[in-house]
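Report on the structure given below.
The basis for the numbers below is simple: all heavy atoms, side chains too, and nothing from hydrogens, waters or symmetry mates. Chain naming here is simple, since letters A, B, ... match the order of the sequence lines and numbering starts at 1 in each. This one's a predicted model, so the numbers in the text were calculated from it and none came from an experiment.
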Protein chains: 2
Amino acid sequence: MATTDKASTRDRLLDAAAELFYRDGVSIGVEALCRTAGVSKRSMYQLFDGKDDVLAASLARRAPGYAAQLTPGPGDAGTPRERILYVFERAEALSAAADYRGCPYLAALVELKDPAHPASVVAREAKERLQGAFRTQAERGGAEDPAFLARQLMLVFDGASARAGSGIETLDGLATTTAAALLDAAGMRAPGERTAAGDR
Amino acid sequence: MATTDKASTRDRLLDAAAELFYRDGVSIGVEALCRTAGVSKRSMYQLFDGKDDVLAASLARRAPGYAAQLTPGPGDAGTPRERILYVFERAEALSAAADYRGCPYLAALVELKDPAHPASVVAREAKERLQGAFRTQAERGGAEDPAFLARQLMLVFDGASARAGSGIETLDGLATTTAAALLDAAGMRAPGERTAAGDR
DNA sequence: CGGCGGAGAAACCGATCGGTGTACCGGCTC
DNA sequence: GAGCCGGTACACCGATCGGTTTCTCCGCCG
């Protein structure tokens, strides 16, 4: 077999951690975590400082893939408006899954109410990267106040993911349409269309 | 002294529960809860079926006051637009407090990931009442699609409260301005003004 | 006055919490 | 073959979990 016949102990642990923390919340126990990862507690405590460290590392590890899942690649074409709306379309597509529980980074921030928690720091950075991507596209698109628009879009994004993840909202175009309305209001109109409200 | 020299056992317990669950999350222990409430565990288990029941009851008890804190009274004047924006202004004012942790009902839904949990049911009802209030005002204000607008406003409301409660956003007019932009887009313009973007 | 019910204090239950200590095992390199 | 090293297995630590039991006391009502 190849050298990848079995993922490293560290990778197995982080993968299981990402899934369990996301599905069951940060209160999941170390015992259950190690059991499903197929890793002994002894190994876990040799690789990490403790449960908090594992949580932070598992969030950090998923960050690049999470961003890639939501944002168009740098090579992909598209106007700034399209690139922004793409994020909301992707988020809505992901939220349709039965096991969707919202943005893992926002969920972590809400569950661990301590902003100084190492995992909170990682989560905050992930959210700031998305906000920065919004801002960059808003600037390119000639928005009146790109930083402000980016903050507005984050409101919609996090509201949508939290509500969809909690099962109290189905989205279904809601987030994308709302984002489009905000782009319109900020002067980032679609070239050939009138307003976002028109095609609702 | 009057008969209110001391709150009833039940009330003391629910008040402490509301505060501790909000501040520390639903993982707070029954032991700590009863200790700060000055109530014996024995009494708690006579009054309630268990911790889950206490949580649900504490959320339900706070719901009327929470709604009154956010929404203008039925006697208060104001156009539908003003009545909607008032909610966001109030939410922003509350979010300025140092111990603000976001909407307690959304937080409960996120933390207990189980939609069937009794407290999740209570929380969902509270959120639906706010959404219903938005919808009523949207109808009165002649919005193009009142139900859709109400869902959009909930996105902004929950996004704002979650982000402000997590300490990654300061609001500061952000939520109100965003809501106003959505009202504009839905045809609920302010009488004498041009657009919400103009006074940002 | 006597008694009765509500409530508190505290011990207790088995289970689990996050975290360690110890012993053992297989494979790797010298 | 010796030794080390990453890993597993497992018992163990004190603390806490949600929940129950027992006993006692206090205030209220008859």
Subject >> Between C1' of dG7(D) and CD of Gln46(A), the distance in whole Å >> reply: 8 Å

Subject >> Asp11(A) bridged to Arg61(A) by N-O distance under 4.0 Å >> reply: yes

Original post:
Any donor and acceptor pair, going by atom type alone, linking the side chain of Thr36(B) with main-chain N or O of Leu33(B) inside 3.5 Å?
Top reply: yes

**OP:** Look only at the side chain of Glu92(A) and the backbone of Ala175(A), and say whether a donor-acceptor pair between them is shorter than 3.5 Å.
**Re:** yes

Subject >> Asp15(A) with Arg62(A): basic N within carboxylate O range, under 4.0 Å >> reply: yes

Original post:
How is Ile28(A) classified with respect to the nucleic acid when contacts are heavy atoms under 4.0 Å: base, sugar-phosphate, or nothing?
Top reply: sugar-phosphate

Original post:
Earliest and latest nucleotide of DNA chain C, 5' to 3', sitting under 4.0 Å from a non-hydrogen atom of chain A?
Top reply: dC17(C) to dT22(C)

Original post:
Is any side-chain N or O of Arg42(B) under 3.5 Å from a base N or O of dT22(D), one able to act as donor and the other as acceptor?
Top reply: yes

**OP:** Enter the distance from Arg140(A):CZ to Arg135(A):CZ here, rounded to the nearest 0.5 Å.
**Re:** 14.5 Å

Original post:
What nucleic acid atoms does Thr9(A) come within less than 4.0 Å of, heavy atoms only: base, sugar-phosphate, or nothing?
Top reply: sugar-phosphate

Original post:
Quick one, which residues of residues 30-41 of chain A touch DNA chain C with a heavy atom under 4.0 Å?
Top reply: Val30(A), Glu31(A), Lys41(A)

**OP:** Evaluate the ring planes of Phe88(A) and Phe134(A), with Trp represented by its six-membered ring, and classify them as parallel (under 30°), tilted (30 to 60°) or perpendicular (over 60°).
**Re:** parallel

**OP:** Please check if Leu109(B) and Tyr100(A) belong to a single hydrophobic cluster, counting links between Ile, Leu, Val, Met, Phe, Trp and Tyr side chain heavy atoms closer than 4.5 Å.
**Re:** no

**OP:** Please report, rounded to the nearest Å, how far the P atom of dG19(D) is from the CZ atom of Phe48(B).
**Re:** 13 Å

**OP:** Give a yes or no on whether a salt bridge exists between Glu111(B) and Lys113(A), defined as a side-chain N under 4.0 angstrom from a carboxylate O.
**Re:** yes

